[in-house]
Amino acid sequence: MKRKSIFYCTQCGNETPRWAGKCPACGAWNTIEEQPEAGNITRNRTGGGLKNRSGMDTRPKGARKLSELSDEEEVRFSTGMGELNRVLGGGAVKGSLVLIGGAPGIGKSTLMLQICGTLCQNFKVLYASGEESGRQLKMRANRLGVESDKLLVLSESALSDLLDAVSETRPEILIADSIQTLYNDALDSPAGSVSQVKDCTMALMRLAKEENITVFVIGHVNKEGSIAGPKVLEHMVDCVLSFEGDAHTSYRILRASKNRFGATNEIGVFEMRDKGLTEVPDPSEMLLSGRPEETPGACVTCVMEGARPVLAEIQALVVGSPGGNPRRTSNGFDYNRAAMLLAVLEKRGGLRVSSCDAYLNTVGGLWLEEPAADLAAVLALASSYLDRAIPKDLAAIGEVGLTGELRTVQQIERRVSELRRLGFKTCVLPSHAREIIQAGNAGNLKNSNAFSGLNLIPARNIGEAIRAALGAGNTGA
Ligand code: TYD
Ligand code: MG
């Protein structure tokens, strides 16, 4: 019988019956490759066949009533790093599979090896690295101060070797560094290809679920920001953490983009030092350190990262555009939102920004998604345009609407207390928000001084806010 071939895209994993120059799914060029159809033989040899190896599938088969299912809480344990525990939703869950993604060199291996140091005191840990030799691992561990005769290390990249080592040593925690170097030799495609990455992740998932091993998988993120090209891994695993950071600063932010056992809006902040990563328990202080004194074009705001209020500085540069074709860029702030704010500033704030180049940047590699940061962005832009500095101890919180009105945001009290904690003296905020705060304070005498020392300036629209912060601007709105 003639063997049929299928084609797949090495970028997104899309399968097509015939070759094409351009992938119909993701639009990438020259990424379609031929792969013999996964017939019976291959199928038995892939990750799908690993169940027989372990022979430990204890899960009852077939459908059952919901009421019969166990509703025991998942078992969690601490990783020894508070910031990582926080992002995981309060510690790692036993038998879960966590994918840690990030650009090469960001510090994924460092983070994992560091937690090994603590974890191996209570658990049996296997660190499998296909990226580094045993000697390199040892040197890194020395540098990080991880000394343990209990930590097991494997320097192999074949999936079968990894599985042999697991069944031999029976670890409780497995770290696979990285999914791109791991390969199943039963497949024809090279390590790092979509089918390899899928298959190896599947095998690790089985280990996690059937043997109750907590598995951390490291995955390099490519230029487009997706793990292993496509998003093929994300739906398979329990938890996706991404490790982000600016190559030029030492700060690193760990963020959960998927978590089956917790919230996804928490962040963990680390600093890369010469002896590895250290936790930054007070990110606001870190993000504001080194702030220039009273220079035009910067404003501080407070965003909520999960349950935690974090102060962020937004910087703007607005300069005349000689070519008449203004450039706009934004970094750490949604581009379309920035364009909208510029338009509102022009029409409702009365500043002629449409003929200017405008650049917006969030300091420290933070990505501001919350509309609560709108007002600070508008004020930073206005401050740069007018070339007038915003006082160093002034911050602004609020969402800006299309008519230039300010809308209140959630958890305003927590944000305001964070500003007060870090020594801010003035906060411009939507007028409605101040009423909320005052009503709250009036009803709670014990708390009535909660914001003493912080002057809350209410503003109804961006015109009022600009006047309050900069003492200038058109009243346009
Ligand atoms: P690494 O964990 O190897 O990155 P990844 O696994 O994400 O590819 O981190 C490598 C970078 O971290 C490298 O540029 C050097 C830096 N580093 C330090 O600054 N201090 C340290 O103690 C270590 C181990 C690494
Ligand atoms: Mg690495």
Side-chain angles (χ1 to χ4, degrees), residues 79-81 83-84 87-88 92 97-120 125-148 151-159 161-162 173-183 191-192 196-197 200-201 204 215-229 233-234 237 239-257 267-280 286 289 364-365:
T79 59
M81 278 227 177
E83 295 291 297
L84 178 59
V87 179
L88 287 169
L97 186 113
V98 180
L99 176 67
I100 298 184
I106 201 84
K108 301 178 295 297
S109 308
T110 307
L111 178 69
M112 285 296 111
L113 199 56
Q114 266 181 282
I115 64 166
C116 281
T118 334
L119 287 175
C120 66
V125 186
L126 175 63
Y127 188 106
S129 175
E131 305 230 324
E132 286 157 303
S133 67
R135 200 177 129 265
Q136 282 174 308
L137 279 173
K138 174 84 186 169
M139 277 164 50
R140 189 199 288 259
N142 286 348
R143 183 169 168 189
L144 297 172
V146 175
E147 289 229 17
S148 176
L151 178 62
L152 300 167
V153 176
L154 175 79
S155 198
E156 284 295 344
S157 46
L159 181 66
D161 291 336
L162 174 71
I173 296 164
L174 170 70
I175 292 163
D177 183 5
S178 64
I179 193 69
Q180 276 94 356
T181 51
L182 207 58
Y183 68 92
Q196 284 285 4
V197 161
C200 295
T201 309
L204 294 172
V215 185
F216 291 91
V217 181
I218 291 177
H220 294 294
V221 167
N222 68 4
K223 283 198 291 296
E224 287 78 36
S226 50
I227 294 168
L233 290 186
E234 302 199 351
V237 305
C239 192
V240 181
L241 306 185
S242 40
F243 210 23
E244 301 162 5
D246 189 347
H248 309 291
T249 65
S250 56
Y251 294 109
R252 303 282 181 266
I253 294 175
L254 189 66
R255 198 185 285 282
S257 52
I267 61 166
V269 184
F270 299 87
E271 187 182 356
M272 182 66 95
R273 301 241 183 101
D274 53 353
K275 284 210 164 50
L277 291 156
T278 45
E279 299 179 61
V280 178
M286 174 279 278
S289 63

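The shown structure was predicted, so the numbers you read here are calculated from the model rather than taken from an experiment. Whatever order the structure lists them in is the order used to number ligands and atoms, beginning at 1.
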Any Arg273 heavy atom less than 4.0 Å from ligand 1: yes
Distance in Å, Leu277 CG paired with Leu111 CG, rounded so as to fall on 0.5 Å steps: 6.0 Å
Enumerated ligand 1 atoms positioned under 4.0 Å from heavy atoms of Asp274: 20 (N), 21 (C), 22 (O)
Under-4.0 Å heavy-atom contact with ligand 1, by part of Lys108 that carries it: both
Minimum-distance pair of heavy atoms, taken over all atoms of Asp274 and Arg143: O-NE, 3.3 Å
Contact atoms of ligand 1, heavy-atom distance to Lys275 under 4.0 Å: 22 (O)
Short N/O/S contact of Thr110 with the Mg ion (ligand 2) (below 2.8 Å): no
Atom indices of ligand 1, in the order listed, that fall short of 4.0 Å to a heavy atom of Gly276: 20 (N), 21 (C), 22 (O)
Side chains of Ile115 and Val125 in contact at under 4.5 Å (non-hydrogen atoms): no
Ligand-residue contact atoms, ligand 1 with Met272, heavy atoms, under 4.0 Å: 12 (O), 16 (C), 17 (N), 18 (C), 19 (O), 20 (N)
Under 4.0 Å to a heavy atom of Pro104 - the qualifying atoms of ligand 1, by number: 8 (O)
Residue part near ligand 1, for Arg140, under 4.0 Å between non-hydrogen atoms: side chain
Glu156 side chain near Leu162 side chain, heavy-atom distance below 4.5 Å: no
Main-chain N/O of Leu119 paired with Thr79 side-chain donor or acceptor, under 3.5 Å: no
Residue pair Lys108 / Ile218: nearest heavy atoms and the distance that separates them: CE-CG2, 3.5 Å
For atom 13 (C) of ligand 1, closest protein heavy-atom neighbour: Gly105 O, 4.4 Å
Check: Glu83 and Val280 side chains under 4.5 Å, non-hydrogen atoms: no
Under-4.0 Å heavy-atom contact with ligand 1, by part of Leu144 that carries it: side chain
Heteroatom proximity flag, Gly107 to ligand 1, N/O under 3.5 Å: yes
Minimum-distance protein heavy atom relative to atom 2 (O) of ligand 1: Thr110 OG1, 2.5 Å
Any protein heavy atom nearer than 4.0 Å to atom 21 (C) of ligand 1: yes
